[in-house]
Structure formats: C-alpha cells, structure tokens
Amino acid sequence: MIIQPRTRGFICLTAHPDGALQAVKNQIEYVKSKGKIKNGPKKVLVIGASTGFGLSSRIAAAFGSDAATIGVFFEKPASEGKMGTAGWYNSAAFEKEAHAAGLYAKSINGDAFSDDIKRQTIDLIKKDLGQVDLVVYSLASPRRTHPKTGVAYASVLKPIGEPFTNKTVDFHTGVVSDITISPVENEEDIANTIAVMGGEDWKFWIEDLKNAGVLADGVKTVAYSYIGPELTFPIYRNGTIGQAKNDLEKTVTVLNDLLKDLHGVSYVSVNKALVTQSSSAIPVVPLYISLLYKVMKEKGTHEGTIEQMQRLFAGRLYTENGEVPLDADGRIRIDDWEMAEDVQAEVAKYWDKVTTETLPDISDIEGYRKEFFNLFGFEIDGVDYKKDANENVKIPSIE
Ligand code: NAI
Ligand code: NA
C-alpha cells in the first residue's frame, strides 16, 4: 500500500517501514563512521529499545562495539489494514541489519513494567547470552501498571505550586501562542508521575536480573534524564516529570549498593533535548527545541539521538582510561553542548523575540517538523514514497 503520514496533534498514526529501514541504516552508517569503541560493551540489554535514545543506544552498542543485543519494547505489528508502529518497523530494520552483519539480536515485545516480561527476558539471556554486561534503561511511558499491586498509574505533565504561562508552538502550523498550564491539584499527581517515570521499575529490573545471576562481573547500567534551561523548569525539571527524574537519579545510589559485589556501577546520563515521540508531547519544550536546533546547527554542535549515544558510549561509559566523567551530583552529562553558556544565551535572546511572524527566521521549526516525521519513517531522503510499501514486516526474532 501507499503509506502517508496521518497526524493527530503530536501523534502520528501511521509509519513507513521503508523509511524506518533507511533511518536505521543512516544511524548505523554514522556509528560505523566513528570507528570502533575501545573496551565497549559486548552483551547488552536495552529496555525501551525501539525508538529514540533506546534505539540509538542499541545501534551504538551493536555497530560500535559488535555487541549482542536484546531489545525490549512495547510496539504493534500491522494488522488488518492498520500500519504497524514506528518502533516495530525500526526494530525489524535493526534486527535485519544486525543479522546481516553477523551480530546476535533478539527482541521481546510487551510491557516492560510487568514481572512476566522481566522473566521472559531473563530466560532469553540465560538461553542465549548467559549474562549481560550493560543494561540500558530507556523507557518513556505515560502509564504503568505496578507489577506487585496491580495499581495502574498515569503520569501528568504539570507544574507544581504556581500556574505556568509561557510561549508554545504548534509545530504543524507554526503558530506561536501563550499557554497557561495549571499546577497539580494534589500530591497524588506527583506520586503517580514518580510511580511511572521514577526509578522503581529500573530497580526491579536490576534486582531481578541480579537474582537470576544474569549480570556479568563489572556490569554497567544507565538510565536517561533531562535538566534543560530555566525557561522550561516550571514544566520540566521543577514540575511533576522533574520529580520523577529526581527519583530516578536517587536510584543510582541504591543500585550501586546492589551491584557492589559484582563490581558493577549504575549511572544516570543527562541527555540533550531532542525530537522524540515523548518530548513532542510536552508543552513549551518543542518551541525551545526548535530554537536550540537553530543555534546548535549554526555553531556546528547539533546532535541527534545517534550522535548523543555514540558520544555517551565512546566518551563517557567506555573511555580509553576507564574513567567515567561525572558532574558534582554524580551524573554523566552529554547535555554539555546544549547547556553551553553561549548556546543558552542565544536561545534566551531568541526566546524573547519569538512570535508566529518571526518563527520561520529565528528558529529551526522546519527541522523540528521534518525530524518529527522522520521518527515515523516519513520524509527520509532517498526513500520512494510513491512505491507500494509492504506494511506486514516481521521482526525476525518474534513469531
Ligand atoms: P521514546 O518515546 O522515543 O522511547 C520510549 C521507548 O520505551 C520505546 O522503545 C517504547 O517502546 C518503550 N516503552 C514505552 N512503554 C513501554 C512499556 N510499558 N514496556 C516496554 N517498552 C515500553 O522516548 P525517548 O525520548 O527516547 O526517552 C527515553 C528516555 O530518555 C526517557 O527516560 C526520557 O525521559 C529520556 N530523555 C529524553 C529526552 C528528549 O528530549 N527526548 C532528553 C533527555 C532524556
Ligand atoms: Na528510547
């Protein structure tokens, strides 16, 4: 069938398998162009492996370090004339390319928050790899069913205390307007968001993997966080999601204790703001990203998820002297180029000036829009979208 983008707000309801394949190939080519990562990981579990930072982590490990990878994600194959999800096509593309390169790659599709998917993953590691030496935790989800209590939590994206008013953009139309977001009404909203996006599930994973004996001596685990500029603090770092990120960052201490006898270490890496399915859902942030992209592209410091993850592996987690550079709070920072003073000063200057009229000139809204469609396999250079596409793509390791 001919597959075209169909959007509803910040969601794209369709995805293009050939575009996804080309996008994955482009990421692989980038990683290869950077050369092999010395002392890199060899057996890697990526939780949240189908899109965004998780997919790029998997590609960086496989093609930068010849790692065997197991990817866990929650995606849908095509069924009855309905397209599969972008993450499904990405994962099919990844496995295809990994297998062609002689690399082990298998995937598990289901709810990573559940005990059942953890058990399936452990069984697969035991059967095929024995142990893993890196666990990447890259889930982004609006809800979580707690595996022990069955309680279903929904996260919210809200400020805490005061209402927050700032500019935001509809990236489809380029209209800039003011938005006011009311603060949480009760502590429960905060607790629910922590339950979904905080560190508990990461801890459950590491506990289960350790108890099953599938973590190698010297194992590393990393989860991803965000800080960003002051202008997004009320909605991000000081908002409900920020409380969840604080909780995730605190989990590092707990996991380091847990991993001590294995000589293992856990890290949180603070990543750059990028266009992903998750970040496009946050108000204000897409406008910030479109200004940030413009400034960083002009300075030649712009990165996408694959550049970030390649740099995380080669320049932070697996450095030649084995040292992992951390900030004063013990976090890895690959948001360093985003947070550079000159970059932030320029973004702040543009922020004051940005209106619907000035947007096309002073922002990279066009780049934002294109990258959004790229996430779903659309507008990828070199792909023939007039050609019939087969939406029934299989992920080789999934029946
Ligand atoms: P994404 O939406 O592209 O990826 C989310 C992944 O989680 C997908 O593989 C999806 O299948 C998987 N997933 C979601 N719910 C699941 C479930 N119940 N079971 C199994 N898999 C499930 O998100 P993105 O942006 O790559 O986010 C990953 C992490 O990076 C998050 O912790 C996010 O906060 C963080 N981060 C994101 C930034 C951004 O600007 N996008 C910046 C800094 C950090
Ligand atoms: Na991800």
Side-chain angles (χ1 to χ4, degrees), residues 10-12 15 23 45-59 71-76 84-91 94 107-118 120-121 136-147 152-155 157 193 196-199 201-202 204-205 222-229 232 236-237 239-242 244-249 251 268-282 285-286 288-290 292-293 303-306 308-309 312 331-335 338-339 368 371-372 374-376 395:
F10 49 76
I11 299 174
C12 186
L45 169 63
V46 181
I47 303 156
S50 54
T51 57
F53 283 112
L55 172 66
S56 295
S57 304
R58 191 177 193 184
I59 293 171
V72 179
F73 45 75
F74 209 178
E75 302 292 349
K76 283 201 186 84
T85 55
W88 181 273
Y89 294 138
N90 290 340
S91 301
F94 173 81
S107 306
I108 291 179
N109 188 34
D111 181 7
F113 296 128
S114 70
D115 285 342
D116 181 47
I117 287 295
K118 292 183 175 73
Q120 285 184 39
T121 306
V136 175
Y137 187 84
S138 187
L139 290 185
S141 173
R143 62 192 76 82
R144 168 179 176 229
T145 301
H146 197 283
Y153 297 100
S155 67
L157 285 167
T193 307
V196 178
M197 287 296 284
D201 182 62
W202 186 23
F204 283 175
W205 267 101
V222 64
Y224 301 137
S225 188
Y226 184 63
I227 297 177
T232 63
Y236 201 96
R237 194 66 208 198
T240 48
I241 181 69
K245 289 303 183 192
N246 287 342
D247 184 73
L248 183 80
E249 290 174 19
T251 305
V268 157
S269 171
V270 182
N271 298 351
K272 180 196 183 193
L274 283 172
V275 181
T276 66
Q277 294 184 44
S278 300
S279 65
S280 53
I282 309 174
V285 169
Y288 165 71
I289 292 180
S290 75
L292 179 74
Y293 274 28
E303 297 175 300
T305 53
I306 194 62
Q308 281 266 293
M309 295 299 96
L312 170 66
R331 302 172 294 208
I332 293 174
R333 302 297 296 265
I334 45 165
D335 64 339
E338 169 184 359
M339 299 312 288
Y368 188 105
E371 265 194 37
F372 176 80
N374 288 170
L375 297 176
F376 303 91
I395 296 179

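Start at 1 and go down the list; that is how both ligands and their atoms are numbered.
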Colleague: If you measure every N/O of Phe53 against every N/O of ligand 1, is any gap under 3.5 Å?
Modeller: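 Min N/O separation from ligand 1 is below 3.5 Å for Phe53.
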
Colleague: In terms of ring plane angle, is the pair Tyr224 and Phe53 parallel, tilted or perpendicular, where the classes change at 30° and 60°?
Modeller: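 Tilted.
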
Colleague: Under a 4.0 angstrom heavy-atom cut-off, which atoms of ligand 1 come close to Ser141?
Modeller: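 Listed by number with element, the hits are 15 (N).
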
Colleague: Measure the CH2-CZ distance between Trp88 and Phe74 for me, rounded to the nearest 0.5 Å.
Modeller: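 The CH2 atom of Trp88 sits 12.0 Å away from the CZ atom of Phe74.
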
Colleague: Within a distance under 4.0 Å of any heavy atom of Thr276, pick out the atoms of ligand 1 and give their elements.
Modeller: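 So the atoms of ligand 1 that pass are 3 (O), 24 (P), 25 (O), 41 (N).
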
Colleague: Is it the case that ligand 1 has an N or O less than 3.5 angstrom from some N or O of Gly110?
Modeller: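 Yes; at least one N/O pair falls below 3.5 Å.
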
Colleague: Can you check whether Ser107 reaches Arg58 side chain to side chain, under 4.5 Å on heavy atoms?
Modeller: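 Yes, at least one pair of side-chain atoms sits under 4.5 Å.
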
Colleague: Check whether any side-chain heavy atom of Phe113 lies under 4.5 Å from a side-chain heavy atom of Arg143, and answer yes or no.
Modeller: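 No, every pair of side-chain atoms sits at 4.5 Å or beyond.
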
Colleague: In terms of atom number and element, which parts of ligand 1 are under 4.0 angstrom from non-hydrogen atoms of Leu139?
Modeller: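 In order of number, 7 (O), 12 (C), 13 (N), 20 (C), 21 (N), 22 (C), 31 (C), 32 (O).
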
Colleague: Considering only heavy atoms from C-beta outward, does the side chain of Ile227 approach that of Arg333 to under 4.5 Å?
Modeller: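 The answer is yes, as the side chains (C-beta and beyond) meet within the 4.5 Å cut-off.
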
Colleague: If you measure from atom 6 (C) of ligand 1 to every heavy atom of Ser56, Ser138, Gly54, which option wins on shortest distance?
Modeller: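 That would be Ser138.
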
Colleague: Under 3.5 Å, is there a donor-acceptor pair between the Ser279 and Tyr226 side chains?
Modeller: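 No pair is found: no donor N or O on one side chain lies under 3.5 Å from an acceptor on the other.
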
Colleague: Answer yes or no: does an N/O atom from Val72 fall short of 3.5 Å to an N/O atom of ligand 1?
Modeller: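 No, since none of the N or O atoms of Val72 sits under 3.5 Å from an N or O of ligand 1.
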
Colleague: Against heavy atoms of Ser225, which atoms of ligand 1 measure under 4.0 Å?
Modeller: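 Answer for ligand 1: 43 (C), 44 (C).
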
Colleague: List every atom of ligand 1 that sits less than 4.0 Å from any heavy atom of Glu75, numbering the atoms from 1 in the order shown and giving each element.
Modeller: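 Answer for ligand 1: 10 (C), 11 (O).
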
Colleague: Out of Gly52, Gly48, Ala140, whose heavy atom sits nearest atom 14 (C) of ligand 1?
Modeller: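 Minimum heavy-atom distance to atom 14 (C) of ligand 1 goes to Ala140.
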
Colleague: Identify the heavy atoms of Lys272 and Glu338 that sit nearest to each other, and give their distance.
Modeller: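 The answer is CA-OE1, 3.2 Å.
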
Colleague: Could you say whether the N/O atoms of Ser50 and ligand 1 ever approach to under 3.5 Å?
Modeller: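 Min N/O separation from ligand 1 is below 3.5 Å for Ser50.
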
Colleague: Side-chain contact, heavy-atom cut-off 4.5 Å: Ile334 with Met309?
Modeller: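 When only atoms from C-beta onward are counted, Met309 and Ile334 do touch, with a gap below 4.5 Å.
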
Colleague: For ligand 1, which atoms have a heavy atom of Phe113 less than 4.0 angstrom away?
Modeller: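 Near Phe113, meaning under 4.0 Å from one of its heavy atoms, ligand 1 has 18 (N).
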
Colleague: How about Phe94 and Ser50: do any of their side-chain heavy atoms sit closer than 4.5 Å?
Modeller: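 No. Closest side-chain heavy atoms not under 4.5 Å.
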
Colleague: Could you tell me whether Lys245 and ligand 1 have an N or O pair separated by under 3.5 Å?
Modeller: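 Right, the criterion is met.
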
Colleague: Tell me, please, which residues at least two apart from Glu303 pass salt bridge (charged side-chain N to carboxylate O under 4.0 Å, His left out).
Modeller: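 Result, salt bridge (charged side-chain N to carboxylate O under 4.0 Å, His left out) vs Glu303: Arg311.
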
Colleague: Backbone or side chain, does any N or O of Tyr226 fall under 3.5 Å from an N or O of ligand 1?
Modeller: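 Tyr226 vs ligand 1: no N/O contact under 3.5 Å.
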
Colleague: Hey, are the side chains of Phe73 and Thr85 touching, using non-hydrogen atoms and a 4.5 Å cut-off?
Modeller: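 Phe73 does not reach Thr85 side chain to side chain.
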
Colleague: Nearest non-hydrogen atom to atom 18 (N) of ligand 1 belongs to which of Val270, Asp111, Thr305, Thr51?
Modeller: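 Considering heavy atoms of Val270, Asp111, Thr305, Thr51, the nearest to atom 18 (N) of ligand 1 sits in Asp111.
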
Colleague: Heavy-atom contact check, 4.0 Å cutoff: does Lys272 meet ligand 1?
Modeller: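 Heavy atoms of Lys272 do come under 4.0 Å of ligand 1.
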
Colleague: Examine the proximity of ligand 1 to Ala223 and report which part, side chain or backbone, both or neither, has a heavy atom under 4.0 Å away.
Modeller: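 The answer is neither.
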
Colleague: Counting from 1, what ligand 1 atoms have a heavy atom of Ala273 closer than 4.0 Å?
Modeller: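 The atoms of ligand 1 under 4.0 Å from a heavy atom of Ala273 are 40 (O).
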
Colleague: Show me which atoms of ligand 1 lie under 4.0 Å from any heavy atom of Ala49.
Modeller: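 Listed by number with element, the hits are 9 (O).
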
Colleague: Do ligand 1 and Leu274 have nitrogen or oxygen atoms that lie under 3.5 Å from each other?
Modeller: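 Min N/O separation from ligand 1 is below 3.5 Å for Leu274.
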
Colleague: Taking side chain to side chain contact (heavy atoms under 4.5 Å, CB included) as the definition, give me every residue that meets it alongside Thr145, ordered by chain and number, with sequence neighbours left out.
Modeller: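 In terms of side chain to side chain contact (heavy atoms under 4.5 Å, CB included), with neighbours along the sequence ignored, Thr145 is linked to Ala152.
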
